[in-house]
Amino acid sequence: MLLANVDSTVQFITVFLIFVLVCVLTYFTTRFVGGYQKNKMKGSNIQVIETSKVTNNKYLQIIQVGERFFLIAICKDSMNVIGELSKEDVTIPEPQEETLHFKDILEKARNKMSKK
């Protein structure tokens, strides 16, 4: 009987350690991929200025290619250029550096759970 309890305790600790290891690896992989994507987009000549959802799977986007601006329609299976916009017609928003930390998201979730 004692041996069965020890065996199940060892199994639980092993599964728990594997779970923690997977969570840590997921965290660092996500940070690495996010940083890589952010740096890759930084030096790009193509930039999405604004996106507006029209219906499900249909969007309008203002994009900047070099110094020119275009309005494009994006559907499920196609992209169409609607027209070119002048620089005066486009208001470019200031980039906002918003960093979401897992700790902040977890605190919001805990606060919502405690209110219920």
Side-chain angles (χ1 to χ4, degrees):
M1 186 67 153
L2 183 61
L3 190 60
N5 287 340
V6 170
D7 189 39
S8 63
T9 304
V10 169
Q11 283 181 342
F12 174 75
I13 291 172
T14 304
V15 170
F16 182 74
L17 289 175
I18 291 171
F19 173 73
V20 169
L21 179 67
V22 168
C23 287
V24 168
L25 287 173
T26 302
Y27 172 77
F28 285 111
T29 302
T30 304
R31 295 278 306 213
F32 172 75
V33 170
Y36 177 78
Q37 290 291 338
K38 186 176 180 181
N39 289 337
K40 187 142 179 107
M41 292 298 291
K42 195 177 278 189
S44 177
N45 288 315
I46 300 173
Q47 184 178 20
V48 176
I49 304 298
E50 188 174 337
T51 302
S52 178
K53 184 175 184 175
V54 179
T55 62
N56 283 346
N57 298 326
K58 295 182 182 178
Y59 299 89
L60 290 175
Q61 283 189 338
I62 298 174
I63 62 168
Q64 181 179 6
V65 180
E67 294 294 319
R68 299 169 66 188
F69 294 92
F70 297 95
L71 179 63
I72 61 172
I74 300 176
C75 300
K76 183 179 179 184
D77 296 326
S78 66
M79 285 179 46
N80 299 313
V81 177
I82 296 175
E84 187 171 351
L85 303 171
S86 67
K87 194 169 188 171
E88 294 80 31
D89 292 337
V90 178
T91 304
I92 301 175
E94 293 294 323
Q96 295 178 350
E97 191 70 31
E98 182 177 328
T99 307
L100 292 177
H101 296 284
F102 182 75
K103 182 179 177 182
D104 299 333
I105 295 170
L106 185 61
E107 284 299 321
K108 286 181 184 179
R110 284 184 183 167
N111 290 338
K112 285 183 181 181
M113 294 296 286
S114 65
K115 288 180 182 178
K116 291 181 179 180

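With values rounded to the nearest 0.5 angstrom, D104 atom CG is found 7.0 Å from K108 atom NZ. Note: F16 CZ to L21 CG = 12.0 Å, rounded to the nearest 0.5 Å.
Residue pairs meeting the salt bridge (charged side-chain N to carboxylate O under 4.0 Å, His left out) criterion with at least one member in residues 9-36: none, sequence neighbours excluded. Judged as a salt bridge (charged side-chain N to carboxylate O under 4.0 Å, His left out), the pairs with a partner in residues 74-84 (not counting sequence neighbours) are, in order, R68-E84.
Inter-residue side-chain proximity for D89 and F69 is flagged as unmet; no heavy-atom pair is nearer than 4.5 Å. Side chains of F19 and C23 form a contact here, defined as non-hydrogen atoms less than 4.5 Å apart.
Hydrophobic clustering, with ILVMFWY side chains joined whenever heavy atoms are under 4.5 angstrom apart, groups V65 together with M79. Under a hydrophobic clustering in which Ile, Leu, Val, Met, Phe, Trp and Tyr are joined whenever their side-chain heavy atoms come within less than 4.5 Å, directly or via other members, Y27 and L106 fall into different clusters. If you chain together hydrophobic residues whose side chains sit under 4.5 Å apart, V33 and F28 never meet in one group.
Hydrophobic side-chain contacts under 4.5 Å tie I18 into a cluster, directly or through other members, with V22.
Qualifying salt bridge (Lys or Arg N to Asp or Glu O under 4.0 Å) partners for E50, counting only residues two or more places apart in sequence or in other chains: none. Every residue two or more places apart in sequence or in another chain that forms a salt bridge (Lys or Arg N to Asp or Glu O under 4.0 Å) with K87 is listed here: E67.
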For residues 52-64, dump all side-chain donor-acceptor pairs below 3.5 Å to protein atoms at least two apart in sequence or in another chain.
residue: Q61; atom: NE2; partner: T51; partner atom: OG1; Å: 3.1
residue: Q64; atom: NE2; partner: G66; partner atom: O; Å: 3.0

